[in-house]
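So the structure is just underneath, and the comments pick up after that.
Given the structure is predicted, the values throughout are model-derived calculations rather than measurements. Position 1 is the first residue of the sequence, and the numbers go up from there.
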Amino acid sequence: MRALDQRQTIAGLIFAAMSMPRELAAPARSLPLTIIGGFLGAGKTTLLNRLLADPQGRKIVVLVNDFGKINIDAELIAEQTDDTITLTNGCACCAVASDLSKSLVDIAQRRDRPDAIVLECSGVSEPGSIAQIALANEAIRLDGIITVVDAETLEARASDPATRELFNAQLVSADMILLSKLDLLSDESRARAKSRIGALYADTPILEAIEGRIPTDVALGIDTEQDVSDYESSAPAAGHGFETVSVETNDALDEKALQQFFSDLPDTILRAKGFVFIAQKPDQRLIFQKVGSRWSMREGDCWTETGPHTRLVFIGPKGQVYGDALRGGVLSCKAQKTR
């Protein structure tokens with residue numbers, strides 16, 4: 001473990017321990033926690049929304065830790081459940097420990113406690129380190145860690161010097177690997193992705209899923225025996241070398257101009273997502289997603305009382321996410337006002 005990684009983890013553990021009250025209402029290890037990890041755009045939110053759509057009678061509390069000041073994932077999940085807790089943005093243990101520890105204490109002190117807690121990690125965080133922080137709360141029992149892997153970008157993430165250490169670190173602590181987006185690949189590419197992940201992690205159960213479709217009882221019934229107290233980070237610290245840029249505007253954007261802007265985004269933008277307000281569909285909230293070179297913009301729900309707006313997040317390696325250019329590009333798509 002690198003010295004800075006170790007200091008971050010220790011700082012997070014110390015804070016978590018200091019946050020514990022003398023007594024918790026929930027009995028020791030009575031609250032099962034499932035952690036969903038995986039790299040940016042792997043399909044974590046899709047999996048979580050599938051679980052919420054079919055909880056099999058469970059009362060589930062959801063915690064979401066997104067990377068960036070705008071928590072897009074939390075808003076998408078909030079459409080499925082009223083019991084969503086947004087954690088402080090960040091990736092290192094010390095950055096999220098405060099909100100995570102407080103949130104878990106609050107859950108443990110509830111009279112009507114949940115049957116399960118599901119935590120969706122940031123795409124640039126390590127599930128093993130997050131689990132260490134969570135287990136400082138004696139009421140929490142780790143049910144399991146699921147790491148979602150995007151089959152389409154598997155080769156790139158595993159070989160790119162900017163992503164491979166973090167990518168592998170997210171898989172080391174997994175009790176289950178969920179291989180997603182196989183439907184986007186040719187038969188040959190699909191077989192190659194399955195062979196590669198199987199060779200690297202032969203001792204870890206690997207499930208294949210399209211649109212996050214796996215049985216709820218499988219995802220929330222892992223009952224792990226691993227001891228994450230021994231987990232040591234092996235990826236770079238301080239944000240793992242990634243940065244985020246947020247762009248917001250209340251002005252309507254032109255659909256054609258925005259589509260061109262999205263098509264022209266450089267490959268260094270590994271992940272982008274958000275909500276879009278376009279002049280051609282003023283009442284319809286559009287949901288934008290970009291993973292690697294693939295992007296989409298689909299219709300979501302109508303705008304709520306917050307009113308129409310555009311909120312976008314762009315993520316990539318540090319020094320390669322040019323905020324001024326991104327903000328200027330989005331704002332240049334403003335629709336021309338007609339009299």
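- For Asp227, the CG atom sits in a packed shell: over 12 heavy atoms of surrounding residues, nucleotides or ligands are nearer than 6.0 Å.
- To the nearest 0.5 Å, atoms CG (Leu135) and CD1 (Ile130) are separated by 11.5 Å.
- Of the options Arg157, Arg190, Arg192, Arg294, a salt bridge (charged side-chain N to carboxylate O under 4.0 Å, His left out) to Glu152 is made by Arg294 and by none of the others.
- Listed by chain and residue number, Phe262 satisfy the ring-ring contact (aromatic ring centres under 6.0 Å, His included) test with Phe288 (two or more places apart in sequence, or in another chain).
- A distance-only check finds no donor-acceptor pair linking the side chain of Asp160 to the backbone of Ala156 [under 3.5 Å].
- Within the 3.5 Å criterion, the main-chain N or O of Arg196 finds no donor-acceptor partner in the side chain of Lys194.
- Formation of a donor-acceptor pair under 3.5 Å by the Gln170 side chain with backbone atoms of Ser125 is found in this model.
- The closest side-chain heavy-atom distance from Glu165 to Asn168 is not below 4.5 Å.
- For Phe314, there are no ring-ring contact (aromatic ring centres under 6.0 Å, His included) partners two or more places apart in sequence or in a different chain.
- With hydrogens and angles left out, the side-chain atoms of Gln56 and Asp54 include a donor and acceptor closer than 3.5 Å.
- Between Ile146 and Asp175 there is no side-chain heavy-atom pair separated by less than 4.5 Å.
- Looking at Gln109, its side chain never comes within 3.5 Å of a backbone N or O of Leu24 through a donor-acceptor pair.
- Taking the six-membered ring for Trp and thresholds of 30 and 60 degrees, His309 and Trp303 have ring planes inclined between 30 and 60 degrees apart.
- Taking every heavy atom of both residues into account, Cys333 and Phe261 meet most closely at SG-CB, 3.9 Å.
- Looking at Ile177, Leu182, Asp183, Ile214 one by one, the single match for side chain to side chain contact (heavy atoms under 4.5 Å, CB included) with Glu208 turns out to be Leu182.
- Side chains of Ser103 and Asp106: no donor on one and acceptor on the other come within 3.5 Å.
- Between Arg141 and the choices Thr224, Leu33, Asp223, Leu31, the side chain to side chain contact (heavy atoms under 4.5 Å, CB included) rule is met once, by Asp223.
- Between Val321 and Ile269 the shortest side-chain heavy-atom distance falls below 4.5 Å.
- Atom CG of Asp264 has more than 12 heavy atoms from other residues, nucleotides or ligands within 6.0 Å.
- Rounded to the nearest 0.5 Å, atoms CZ (Phe277) and CG (Leu286) are 10.5 Å apart.
- In terms of modelled atom types and a separation under 3.5 Å, the side chain of Ser186 and the main chain of Ser189 share a donor-acceptor contact.
- A donor-acceptor pair under 3.5 Å is absent between the side-chain atoms of Asn65 and the main chain of Cys121, judged by distance alone.
- Between the side chain of Arg298 and the main chain of Ile287, no donor-acceptor pair closer than 3.5 Å is present.
- Listed for the Ser180 side chain is no donor-acceptor partner under 3.5 Å among the backbone atoms of Ala209.
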